[in-house]
Amino acid sequence: NAGVTQTPKFRILKIGQSMTLQCAQDMNHNYMYWYRQDPGMGLKLIYYSVGAGITDKGEVPNGYNVSRSTTEDFPLRLELAAPSQTSVYFCASRPLGTDTQYFGPGTRLTVL
Amino acid sequence: EDKVVQSPLSLVVHEGDTVTLNCSYEVTNFRSLLWYKQEKKAPTFLFMLTSSGIEKKSGRLSSILDKKELFSILNITATQTGDSAVYLCAGTYTGTASKLTFGTGTRLQVTL
């Protein structure tokens, strides 16, 4: 199993550009999450999904969108990138029956 | 608002020392507390604690939860330079999504 994979690893965007951060998991986990981590801070939840076709907002959803058309994939879309979205983005997944989430390697995004 | 507070913010110790990291939480309908280790990339899972007073142990690491006083500690004995990392604590609540509320982490540096 590859676990949770994320692409790209790094990206630099200009203000106003859009992009999609990809996340995939091959563990057949129902639950998937997107977090952002700013320097020296803990992780903050952006969006989450409890299964294909179902998504919901987390603590900091503004400026982002998600979709979950399959169990495996949970892309995060940034529209009109802003410098405040400079951060490291982590995707995570979790199986039924436990609270333990498993994280992908992260995407470091810089908006200039 | 759910809140998780970790202390100290950072710590420098010598190899072989024992360290105790603290985590206090205020999570509505608390269900479990998780510890993760983060070494410049994705958080990796260490422990999940749900029951008060029961110690979880893995090698030189151990953790315990006090549900009455709303805190947890992570102990590392005989520290090694490979223990240098940020240690994150997160609380989750009773509910289908098991969203995690993270603390800001404790940065541990182990020197020779």
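Throughout, protein chains are lettered first and strands after them, A, B, ... in sequence-line order, and every chain is numbered starting at 1. This is a predicted model, so every value here is computed, not measured.
- Contacts between residues 13-26 of chain A and chain B, counted as heavy-atom pairs separated by less than 4.5 Å, involve no residue at all.
- Put simply, B/Leu11 and B/Leu46 are part of the same group of oily side chains (I, L, V, M, F, W, Y) that touch within less than 4.5 Å, one to the next.
- Around NZ of A/Lys44, the count of heavy atoms belonging to other residues, nucleotides or ligands within 6.0 Å does not exceed 12.
- No other option in A/Thr98, A/Val4, A/Leu96, A/Thr100 has as many heavy-atom pairs under 4.5 Å with chain B as A/Thr100.
- Proximity to chain B is limited to the side chain of A/Gln37, based on heavy atoms less than 4.5 angstrom apart.
- Note that CE of A/Met41 is 11.5 Å distant from CG of B/Leu88, once rounded to the nearest 0.5 Å.
- Within the model, atoms CG of B/Leu100 and CG of A/Leu43 stand 9.0 Å from one another, a figure rounded to the nearest 0.5 Å.
- Contact annotation: the side chain of B/Gln38 approaches that of A/Phe90 to within less than 4.5 Å [non-hydrogen atoms, C-beta and beyond].
- When the shell of 6.0 Å around CD1 of A/Ile54 is examined, it contains more than 12 heavy atoms from other residues, nucleotides or ligands.
- Cluster membership check: A/Val50 does not share its hydrophobic cluster with A/Phe74, using side-chain heavy-atom separations under 4.5 Å among Ile, Leu, Val, Met, Phe, Trp and Tyr.
- With contacts defined as side-chain heavy-atom distances shorter than 4.5 Å, the pair A/Phe103/B/Phe45 does not qualify.
- Side-chain contact annotation: B/Ser32 with A/Asp99, donor-acceptor N/O pair under 3.5 Å present.
- Both B/Leu74 and B/Val27 belong to a common hydrophobic cluster when Ile, Leu, Val, Met, Phe, Trp and Tyr are linked at side-chain heavy-atom distances under 4.5 angstrom.
- At least one side-chain heavy atom of B/Lys99 sits under 4.5 Å from a side-chain heavy atom of A/Tyr48.
- With a 4.5 Å cut-off on side-chain heavy atoms, B/Tyr36 and A/Gln101 count as touching.
- Within 6.0 Å of the NZ atom in B/Lys3, the count of heavy atoms belonging to other residues, nucleotides or ligands does not exceed 12.
- Taking hydrophobic clusters as Ile, Leu, Val, Met, Phe, Trp and Tyr residues chained together by side-chain heavy-atom distances below 4.5 Å, A/Tyr102 does not share a cluster with A/Trp34.
- For A/Arg77, the CZ atom is densely surrounded, since the number of other residues' heavy atoms within 6.0 Å is greater than 12.
- Counting all heavy atoms, side chain and backbone alike, B/Ala42 lies closest to A/Pro105 at CB-CA, 4.0 Å.
- B/Phe71 and B/Tyr87 are assigned to two separate hydrophobic clusters, defined by single-linkage of ILVMFWY side chains at heavy-atom distances under 4.5 Å.
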